[in-house]
Student: 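Before I ask anything, let me first share the structure, which is written out below as structure tokens.
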Amino acid sequence: MSGSGQRLNVVPTITTMGVVKARLVGATKGHQLLKKKSDALTMQFRQILKKIVQAKEEMGEIMKASAFALTEAKYTAGDNIKYIVFENVDTAIIKVRARQENVAGVKLPKFEHFSEAGETKNDLTGLARGGQQIQLCKSAFVKAVEILVELASLQTSFLTLDEAIKTTNRRVNALENVVKPRLENTIQYIKGELDELEREEFFRLKKVQAYKKKEVEKQIAKNKLLLEEESRKDAGHKVDRDGIIGEQEDEDILF
Amino acid sequence: MYGFEALYFNVDGGYLEAIVRGYRAGLLTAADYNNLCQCESLDDVKMHLAATDYGPYLANEPSPLHTTTIVEKCTQKLVDDYNHMLTQATEPLSTFLEYISYGHMIDNVVLIVTGTLHERDVHELLEKCHPLGMFDSIATLAVAQNLRELYRLVLVDTPLAPYFSECISSEDLDDMNIEIMRNTLYKAYLEDFYRFCQKLGGATATIMCDLLAFEADRRAVDITINSIGTELTRDDRRKLYSNFGLLYPYGHEELAVCDDFDQVRGTMDKYPPYQSIFAKLSFGESQMLDKAFYEEEVKRLCQAFEQQFHYAVFFAYIRLREQETRNLMWISECVAQNQKSRIHDGIVLIF
């Protein structure tokens, strides 16, 4: 696993450990949430994919039908009919509006078409020949535009969602494989370090105690020795003591 | 049957009649169409066409062929034939031939006028014009700002001048729906052509008047059907019908008040030639009406070739070529779009 063995560069103290532990809790929570989000997005993603496939199949049919409707119109109304239709157009009647939809915090662009109530001068096009075919062709292509808009909306959502899912998954993985192990490692490290410190302290204390004991023993031994010596002196040179006393007396005498 | 014009017809018209009958022999036959319907790709279509009159026109086209190219080349062939005949023709045949092209001329003028209203580039518009309807001063149409100017500066020099002056008062261009203008002009053109043919007399008059009457009636029916449900009022509709033909005047009165397809059918049932056309269609279905009319038109045009010493063959030839171009367009579109099942729906066999 990547990130294993890594840890944060912190001072190993109890306080830091508390902070890191809090961070670990946060990371776990975040991981859970992101995982949920990712699942939600993936679900949406699959739905959109399904819709796209449907729409594409439908589009194939519709485009075919409308292309053929154009052929029919050309056949009855003459080849030049398209220019006549072009010249009669001022503004677009079908327009596309974009809005945003929120799926699990991801803003998906949605396109929807709407027809603007504008007058078309094409109502009478082909009056003397092929007018009906032109109207049929028009409605066929309106349908084609509708499905195209829908498809465009789905495709854009698809791309955006794809991007969002990738980011989310990256985050989930990053949390799972990098951040969390790192925090755990840090905690481990701090714990280890603290234990180490404790052991050191204990050892030091022991050492100190041992030293102290030694000192005390030494003292005791010394005292004992002194005592022994004194007692030996007392025993062997009882006269001496007297003599000392006598000396003192002597001194006194001397003075 | 023939008047005395047959005596002298060949002095001026003999050569061109021979030519046009030769051209007619070049039209695609049912066998050709059968072959074309079997094609798998546009290149196959091209291969089949190579053996026909279109061969030289398509020979140098690079391989990824488009339907538009085929249609363009077919039109080119028609225009070349037409121009060849026009340069050889003497009066009154030359005038007659010119009359044939006026229909396209009206379309071109209307196209340029509409384009100018929307401030399009004139050269761009000129490319879109039908080559049969070109005239020298067509590019100058764009300078006109309103209809009066248009008439005074440009149209007065063209053959279309009388149609404009008699049908369109000096309203501004914007005021009138361009489609109504086109149809008003076309109505005036058909009436003028009709008068001209009557003046020519003889077999030309008989056959041409019949063909033009059919055209006028077809237009009347189409205008009626296509204007159902639009804002075109009954009086306006009535004004667009040409003042001749089998339906004139009583049929027009009835058509003018029709509100749905079945009423049109009811009106047409009183006229035997059209009753047979409508009999082919099921009730409430108007989709295939255009094709039925095309078929009837082709039948009548072919009959024009049955007689000799008259000018209607030229008209018939040009119209048949146009129908052939439509057929080829349909075939190549069907082939290109993989709609082989529909391929027979659009072909009107000429022979």
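Note: hydrogens, waters and symmetry copies are ignored here, and every other heavy atom, side chains too, is used.
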Student: Should the heavy atoms of other residues, nucleotides or ligands under 6.0 Å from NZ of A/Lys110 be counted, would the total exceed 12?
Tutor: yes

Student: Counting only heavy atoms not in B/Arg238, do more than 12 sit closer than 6.0 Å to its CZ atom?
Tutor: yes

Student: Are side-chain heavy atoms of A/Lys74 and B/Trp330 found at a separation under 4.5 Å?
Tutor: no

Student: Looking only at heavy atoms and a cut-off of under 4.5 Å, which of B/Arg342, B/Met329, B/Arg182 has the most pairs with chain A?
Tutor: B/Arg342

Student: Side chain, backbone, both or neither: which part of B/Ile228 has a non-hydrogen atom closer than 4.5 Å to chain A?
Tutor: neither

Student: What pairs meet the ring-ring contact (aromatic ring centres under 6.0 Å, His included) rule with one or both residues in residues 16-38 of chain A, with sequence neighbours excluded?
Tutor: none

Student: What residues, two or more places apart in sequence or in another chain, satisfy ring pair (Phe, Tyr, Trp, His ring centres under 6.0 Å) together with B/His130?
Tutor: B/His104

Student: Out of curiosity, B/Asp290 CG to A/Gln133 CD, how far, rounded to the nearest 0.5 Å?
Tutor: 5.0 Å

Student: CD of A/Gln132 to CG of B/Leu289: how many Å apart, nearest 0.5 Å?
Tutor: 7.5 Å

Student: Residue by residue, scan residues 60-70 of chain A and write down, ordered by number, those that have a heavy-atom distance under 4.5 Å to chain B; if none do, write 'none'.
Tutor: A/Lys64, A/Ala67, A/Phe68

Student: Against chain A, label B/Thr75 side chain, backbone, both or neither, depending on which of its atoms sit under 4.5 Å from a heavy atom there.
Tutor: neither

Student: Under 6.0 Å from the NZ atom of A/Lys143, do we count more than 12 heavy atoms belonging to anything else shown?
Tutor: no

Student: For B/Gln76, is the CD atom crowded, meaning more than 12 foreign heavy atoms sit under 6.0 Å from it?
Tutor: yes

Student: Just checking A/Arg99: does its CZ atom have more than 12 heavy atoms from other residues, nucleotides or ligands closer to it than 6.0 angstrom?
Tutor: yes

Student: Shortest non-hydrogen contact from A/Tyr75 to B/Ile347?
Tutor: OH-N, 4.3 Å

Student: Indicate yes or no for a side-chain donor-acceptor contact from B/Tyr294 to the backbone of A/Thr76 under 3.5 Å, with no hydrogens or angles considered.
Tutor: yes

Student: Tell me, for B/Glu127 versus chain A, whether the close heavy atoms (under 4.5 Å) come from the side chain, the backbone, both or neither.
Tutor: neither

Student: Could you work out, with ring pair (Phe, Tyr, Trp, His ring centres under 6.0 Å) as the rule, every residue matching B/Tyr57, not counting sequence neighbours?
Tutor: none

Student: For atom NZ of B/Lys340, is the number of surrounding heavy atoms from other residues, nucleotides or ligands below 6.0 Å larger than 12?
Tutor: yes

Student: Please report the interatomic distance CD(A/Glu72) to CD(B/Glu333), rounded to the nearest 0.5 Å.
Tutor: 11.0 Å

Student: Relative to chain A, which of B/Asp107, B/Leu125, B/Asp222, B/Val110 shows the most heavy atom pairs under 4.5 Å?
Tutor: B/Asp222

